[in-house]
Every structure is written in structure tokens, then in C-alpha cells.
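What follows is a single structure, written as C-alpha cells, with notes after it.
Proteins get letters first, then strands, A, B, ... in listed order; numbering begins at 1 in each.
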Amino acid sequence: MPNNSIKITEKNKDYFDSVFQVVRLIPEGRATSYGAISNCLGTKSGARMIGWAMNASHSQKEYVPAHRVVNRNGMLTGKHHFPSPIAMQEALEGEGVEIKDDKIQNYKQVYWDPTVELTFD
DNA sequence: TGGGTGACCATAG
DNA sequence: ACTATGGCCACCC
């Protein structure tokens, strides 16, 4: 067991849970950005933390579609953190997302803004 | 205690 | 349009 693996602790549990919760709401064939999720949770969280949280998404029991989270450029910056470098692209293409050079082509159409699409009760 | 790091983002030149 | 820089927040050594 490598000691550099991300561990879910009492401290970050709620934070991770919030992130995963939003990510799971991303519809098929759509994608959003780290910053959008950060903004959804409150700008304070910081966009970089989202990616860090995603690193722990693999250990979650509930499925987390981490492949639907890209950077603001629509680029698949996190693909190297998947089991396979091509896993992220394959998953997106399987949902009908067009990708070229590790970048979503029709990102404008695919983009899903949680702050807009989500309604808070 | 403090400094380094990260699947990022916005701004300035 | 592209590069450089700072900010962001939680974690690790």
C-alpha cells in the first residue's frame, strides 16, 4: 500500500462527498470543468482541490464519472490519472463526445454548468 | 511551523 | 494569440 495514496478521512469526507455528488449529476454525453464545480460548491473551495478530490474518486463505492470532468479548455488533463491513459477518452467517446488531441471538440454543446442546470431547494 | 505540490483559473503584458 | 505570474485551499513531509 503506497503511502502517497489519497485517504478519505473524517476531515475531508464531507468535502469529497460534495464533489462526488455534483459529478454524479453530470448527464451522459456532457462534461463540466473543475472550476464550475468549485464555483458550485462556493469559490472558496478552489478549482485545484476538485482535481485532488477526483484522485480519490476511484476508491468510492458509488460510481463517479470522473471522465466527464475536464479543465476549462475542454482538455482531458486528467487522463493520466485513470487506470488507462485512454480510458477517459474512450468513455467520453462512448457517450457521443467528439474528442481530438485529448480535447473536446464541441465543448460548447457538451459543457454542463452545475450552477445553471442545478436547482437548489 | 513552514514550505512544496496539485486532474485549475483569471489576469496582465 | 501566447507566456508569465499569482491566487486558490487542503494535504503531505
Side-chain angles (χ1 to χ4, degrees):
Chain A
M1 194 63 158
N3 58 359
N4 60 348
S5 60
I6 305 295
K7 283 182 285 197
I8 307 290
T9 64
E10 281 298 322
K11 221 176 189 176
N12 56 33
K13 184 173 175 296
D14 289 337
Y15 179 74
F16 283 153
D17 203 37
S18 302
V19 176
F20 299 147
Q21 198 172 344
V22 175
V23 175
R24 287 198 200 98
L25 292 175
I26 305 175
E28 256 189 44
R30 306 290 293 277
T32 191
S33 66
Y34 303 95
I37 298 173
S38 173
N39 189 27
C40 179
L41 298 174
T43 319
K44 309 160 191 171
S45 305
R48 311 182 87 176
M49 299 297 90
I50 305 299
W52 173 72
M54 297 313 291
N55 212 342
S57 66
H58 69 84
S59 59
Q60 291 299 296
K61 293 189 174 181
E62 296 265 347
Y63 174 65
V64 180
H67 60 275
R68 300 188 190 136
V69 184
V70 297
N71 71 350
R72 200 219 165 284
N73 226 350
M75 200 168 139
L76 281 55
T77 51
K79 69 179 224 164
H80 292 298
H81 292 265
F82 279 76
S84 249
I86 59 171
M88 189 176 188
Q89 179 169 345
E90 290 282 319
L92 284 171
E93 285 177 341
E95 297 179 359
V97 179
E98 187 181 352
I99 299 176
K100 186 179 179 182
D101 293 330
D102 299 334
K103 186 178 146 194
I104 299 177
Q105 296 302 295
N106 51 344
Y107 189 48
K108 265 189 156 180
Q109 299 175 357
V110 175
Y111 184 69
W112 178 82
D113 190 348
T115 63
V116 173
E117 306 277 351
L118 254 47
T119 53
F120 300 93
D121 292 330

Task: For atom CE of A:Met54 and atom P of C:dA10, their distance in whole Å - done: 18 Å

- [ ] Rounded to the nearest angstrom, tell me the gap between atom CD1 in A:Ile50 and atom P in C:dC11.
- [x] 13 Å

- [ ] Calculate the interatomic distance between A:Phe20 atom CZ and B:dA7 atom P; express it in whole Å.
- [x] 15 Å

- [ ] Decide if atom CD of A:Gln109 counts as having more than 12 heavy atoms of other residues, nucleotides or ligands within a radius under 6.0 Å.
- [x] no

Task: A:Ser38 side chain to A:Gly46 backbone, donor-acceptor under 3.5 Å - done: yes

Open item on the list: Distance check needed: B:dA7 P versus A:Trp52 CH2, whole Å only.
Closed with: 12 Å

TODO: Sticking with atom P, work out how far C:dC13 lies from B:dA7, rounded to a whole angstrom.
DONE: 16 Å

Open item on the list: Looking at A:Ala36, is its backbone amide N or carbonyl O close enough to the side chain of A:Ser33 to form a donor-acceptor pair, meaning the two atoms are under 3.5 Å apart?
Closed with: yes

Between the protein and nucleotides 2-7 of chain C, list every N/O to N/O distance that falls short of 3.5 Å.
from	atom 1	to	atom 2	distance (Å)
C:dG7	O6	A:Arg48	NH1	3.4

TODO: Check whether any side-chain N or O of A:Arg68 sits under 3.5 Å from a backbone N or O of A:Leu92 as a donor-acceptor pair, and report yes or no.
DONE: no

Open item on the list: What is the distance, to the nearest angstrom, from the CG atom on A:Asn39 to the C1' atom on B:dA10?
Closed with: 13 Å

Task: Any residue of residues 65-79 of chain A with a heavy atom less than 4.0 Å from an atom of DNA chain B - done: A:Ala66, A:Asn71, A:Arg72, A:Thr77, A:Gly78

- [ ] Please check if the side chain of A:Asp101 supplies one atom and the backbone of A:Lys103 the other of a donor-acceptor pair under 3.5 Å.
- [x] no

Open item on the list: Looking at every non-hydrogen atom in both residues, tell me the closest pair between A:Gly29 and A:Glu95 and how far apart they are.
Closed with: N-OE1, 2.9 Å

TODO: Find the distance A:Phe16:CZ to B:dA7:C1' and express it as a whole number of Å.
DONE: 13 Å

TODO: Flag yes if A:Tyr34 and A:Trp112 sit in one hydrophobic cluster, no otherwise; membership is Ile, Leu, Val, Met, Phe, Trp, Tyr, and two members link when side-chain heavy atoms are under 4.5 Å apart.
DONE: yes

- [ ] Answer yes or no: is there a side-chain heavy-atom contact under 4.5 Å between A:Phe16 and A:Trp52?
- [x] yes

Task: Integer-rounded Å distance: B:dA7 C1' and A:Ile26 CD1 - done: 13 Å

TODO: Would you check if A:Arg24 and A:Glu62 make a side-chain contact, meaning some heavy-atom pair closer than 4.5 Å?
DONE: yes

Open item on the list: Which nucleotide wins on minimum distance to the side chain of A:Ser57, given the candidates B:dA7, C:dA10, B:dC9?
Closed with: B:dA7

- [ ] Using atom CD1 of A:Ile37 as one end and atom P of C:dA10 as the other, report the distance to the nearest whole Å.
- [x] 16 Å

